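Taking it in order: structure first as structure tokens, then the write-up.
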Amino acid sequence: MRWSQAFIPTLRDDPAGAEAISHKLLVRGGFIRQLMSGSYSLLPAGYRVRSKIRRIIEEEINAIGGQEFLMPVLHPGEIWQRSGRWEIDELFRLQDRRGVDHVLGLTHEEVFALIATELRSYKQLPQLWYHFQTKLRDEARPKSGLLRVREFVMKDSYSLDIDAAGQAKQFDAHHAAYTKIFDRMGLDTVAVEASSGAMGGTDSMEFMVASPAGEDFVAYSAECGYSANVERARSRIPDVANGDPLDAVEKFPTPGVRTIEALAGFDGGASAENQIKTLVYIADGEPVLALMRGDHPLQEQKLIDHLLASEIRPAHDDEIVELLGAHAGSLGAVGVETVKVIADPQLKGRVAMTTGANEDDFHYRGVDIDRDIAVSEWVDLREVSAGEGCPNCDGTLDVYKAIEVGHIFKLGTKYSEAFGANVLDENGKAQPIIMGSYGIGLGRAVAAVAEVYNDDKGLVWPVAVAPWEVVVTLVKTDEATLAAGERIYSELQAAGIDVLLDDRNERPGVKFNDAELVGFPFRVTLGPRGLADGVAEFVARADGDSFEIALDSVVGHVKGLVEAAR
RNA sequence: CGGGACGUGGCGCAGCUUGGUAGCGCGCAUCGUUCGGGACGAUGAGGUCGCCGGUUCAAAUCCGGCCGUCCCGACCA
């Protein structure tokens with residue numbers, strides 16, 4: 001391709017309102033343009049990057065036995081009702097001219113499970129099916145350019161097995177393949193324990209790339225390598241000494257006290273670690289009380305995961321009053337028997353605690369959890385913080401921001417049961433197929449690479465995903481330079497290198513700056529000065545070091561570097 | 001969904017408080033001089049000032065409604 005005819009609309013200014021580096025640079029470099037909120041057009045350079053990422057994924061999934069499909073994006077609403085996912089807020093629903101419900105797929109478990117009903121025998125398993133297809137999600141808040149969008153292409157694969165051992169094998173194969181895929185893209189990922197959310201299933205792991213533009217928080221221990229999304233992370237914290245127990249709870253007035261801090265500062269109150277925080281949630285329409293130590297934050301996802309709820313929310317004030325008889329700020333679980341009470345294990349064995357009395361402006365002191373509160377379930381609900389102890393070693397946890405670039409799930413039989421995807425086992429008995437699902441969003445992967453590989457001049461693509469591997473920059477477009485450029489350009493092409501010839505009639509500074517903004521890994525510069533001596537200039541974008549190289553050696557040198565880095 | 005901000009040539013912005021001629025930088029076109037790190041001069045093209053309504057002799061500017069976009073939070077398979 002010659003730059004004079006290529007559509008690479010570079011911009012001097014950052015797009016208005018953009019914050020994320022990848023967003024700014026992908027727009028400025030002429031890779032993407034926004035169509036509407038959460039929807040981007042890929043321009044030729046952007047599409048080239050995405051295609052290279054797609055190719056890497058395809059190779060690695062084929063290598064573990066994947067068979068490529070292509071499923072529709074428009075689905076009958078009925079299958080989403082059958083799987084129980086019809087109510088998901090992010091689901092785009094629409095009706096055809098007859099008024100029949102349809103949905104735009106936000107993943108493809110339903111459709112693949114439906115095809116899997118054609119499997120008859122355990123002898124046909126295992127299967128590994130995948131496709132690259134557009135997903136549509138009505139996101140509450142699209143943001144950061146390509147990082148969080150409403151329409152994107154995802155590689156999603158689905159494993160089908162007769163038993164848990166088979167599934168574990170395919171799960172591990174994906175784990176290894178994903179590690180390779182991200183490594184080839186130049187991304188340094190950590191696989192972390194994750195919540196499976198409304199996807200269902202038992203186990204899931206997310207592949208995380210550390211980045212300030214990320215939306216997830218990962219807790220990790222440098223000493224043992226423990227890594228978990230804070231939605232799931234556990235930690236070790238010191239025990240708190242109990243105060244002196246009382247024979248019975250004692251109600252006392254606390255006028256105007258509505259918060260943990262206020263009660264801690266109240267004469268006759270209690271420090272935060274000696275308080276029980278009572279949170280009221282509505283989970284799929286049912287109220288539930290979550291009890292935490294006063295100074296501990298609740299991690300909502302842990303509550304969702306435990307309840308297997310598809311939707312939870314804090315209760316509204318009127319619901320709280322109706323349920324407990326008091327407003328938030330005076331709530332407690334003492335004597336509560338009609339509502340499910342879930343307590344964080346940090347409260348286990350605690351006595352002499354203070355909590356709300358379910359009467360405005362009154363609290364109880366001397367609460368003994370085991371004696372006074374009917375805890376239905378003890379569940380870890382606490383969100384960890386940096387500096388706490390690692391649950392697996394003597395080390396300390398750090399917490400960092402990360403981009404989720406891949407997610408792998410063990411789904412179990414949720415979808416196969418919903419669709420009757422069974423096979424006969426060796427005893428002739430029908431068994432539901434055990435499924436796994438595995439996803440990588442292509443656009444987010446492009447953005448993640450851009451987040452990691454950039455500097456103050458622009459993008460710095462790794463060779464394996466660069467839109468073009470080399471740019472041949474002509475400092476002048478006089479006849480001799482143009483001829484030399486054309487010659488090197490066609491030789492590079494013949495050598496199988498992705499090369500762009502910058503034959504634009506622009507000043508050198510403009511060309512150099514554009515080349516750096518777009519982020520070509522290598523640049524070969526030709527000008528009358530060097531040509532007189534039979535040399536070109538060679539520079540690698542990553543380190544910026546340049547040197548002169550004989551014209552005859554250019555192609556060999558570039559070829560060697562590119563092939564080593566692909 | 002809660003909070004905040006913004007919407008004016010292709011891009012980035014000023015103008016709005018105090019109503020009256022639509023402006024700047026970049027980009028674009030033509031010509032000339034230049035040209036190994038975002039050149040200079042001259043000429044020129046390009047704008048329903050997000051939309052609808054109201055106030056007014058007169059609205060980019062004041063008022064109301066709506067739409068759109070971004071940021072923070074909530075949420076997020």
Side-chain angles (χ1 to χ4, degrees), chain A residues 9-20 23-24 27-28 30 33-39 80 83-85 87-91 105-110 135-145 147-150 152 154 156 158 194-201 204-206 213 215-216 229 231 300-301 304-305 310-314 316 404 406-411 414-415 436-441 444 457-458 473-478 481 502 504-517 523 525-532 535-537 539 544 546 548:
Chain A
T10 57
L11 300 173
R12 289 199 173 188
D13 299 311
D14 285 335
E19 293 287 322
H23 185 191
K24 291 178 185 172
V27 172
R28 283 189 52 206
R33 286 293 184 266
Q34 183 178 43
L35 178 61
M36 58 179 171
S37 178
S39 176
W80 287 76
S83 67
R85 300 209 294 175
E87 300 296 338
I88 290 176
D89 288 336
E90 282 73 28
L91 193 63
L106 47 72
T107 58
H108 284 78
E109 279 78 9
E110 282 80 359
K135 314 296 177 199
L136 293 126
R137 299 182 181 183
D138 191 3
E139 290 287 346
R141 179 147 111 81
K143 57 179 288 202
S144 307
L147 281 172
R148 179 156 223 92
V149 292
R150 298 196 292 174
F152 61 98
M154 176 187 254
D156 39 329
Y158 300 87
S195 158
S196 298
M199 196 81 188
S204 87
M205 297 195 97
E206 292 166 332
E215 303 179 85
D216 286 275
N229 193 310
E231 290 176 352
E300 281 191 11
Q301 190 65 45
I304 294 174
D305 290 349
S310 54
E311 193 210 339
I312 72 164
R313 60 171 173 84
H316 301 140
E404 177 194 338
H407 201 160
I408 60 179
F409 297 86
K410 290 184 180 172
L411 293 176
K414 171 174 173 170
Y415 297 94
S437 85
Y438 315 86
I440 298 176
R444 185 181 284 182
K457 293 175 180 159
T473 301
L474 306 184
V475 150
K476 266 183 188 284
T477 48
D478 61 285
T481 312
D502 192 352
R504 293 176 298 168
N505 186 21
E506 290 287 349
R507 294 168 65 86
V510 171
K511 297 183 173 189
F512 294 148
N513 280 309
D514 269 350
E516 280 149 0
L517 175 61
R523 190 180 83 209
T525 309
L526 296 175
R529 226 161 58 190
L531 285 177
V535 297
E537 181 198 67
V539 59
S546 71
E548 292 193 336

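Keep in mind that what you see is a predicted model, and the values were worked out from it rather than measured. Values below: every heavy atom of this structure, side chains too, minus hydrogens, waters and symmetry copies. Per chain, numbering begins at 1; letters A, B, ... match sequence-line order.
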Checklist entry - Any chance CD of A/Glu548 has more than 12 other-residue heavy atoms, nucleotides or ligands included, within less than 6.0 Å? => result no
Presence of [X] side-chain N/O under 4.0 Å of [N] phosphate oxygens OP1/OP2:
{"X": "A/Ser37", "N": "B/G68", "value": "no"}
{"X": "A/Arg141", "N": "B/G2", "value": "no"}
{"X": "A/Gln34", "N": "B/C70", "value": "yes"}

Item to check | Protein-to-nucleotide contact annotation, 5' to 3' order, nucleotides 36-42 of chain B [B base; S sugar-phosphate only; - none; under 4.0 Å, heavy atom] | outcome: BBBB---
Next on the checklist: Counting the atoms with a prime plus P, OP1 and OP2 as sugar-phosphate, which does A/Ser144 contact under 4.0 Å by heavy atoms, base, sugar-phosphate, or nothing?
Outcome noted: sugar-phosphate
Checklist entry - Just checking A/Ala140: base, sugar-phosphate only, or nothing, at a heavy-atom cut-off of under 4.0 Å? => result base
Which one is paired to [N], where only Watson-Crick or G-U wobble pairs with both distances under 3.5 angstrom count?
{"N": "B/A39", "answer": "B/U33"}
{"N": "B/U17", "answer": "none"}
{"N": "B/G12", "answer": "B/C24"}

Item to check | Rounded distance in Å between the C1' positions of B/C6 and B/G15 | outcome: 16 Å
Next on the checklist: Give me the distance, rounded to whole Å, that separates B/C26 from B/G68 when you measure between the C1' atoms they each carry.
Outcome noted: 25 Å
Checklist entry - Heavy-atom distance under 4.5 Å between the side chains of A/Arg85 and A/Leu91, does that happen here? => result no
Checklist entry - Side-chain contact, heavy-atom cut-off 4.5 Å: A/His23 with A/Lys143? => result no
Checklist entry - Over how many whole Å does the gap from A/His23 atom NE2 to B/C11 atom C1' extend? => result 13 Å
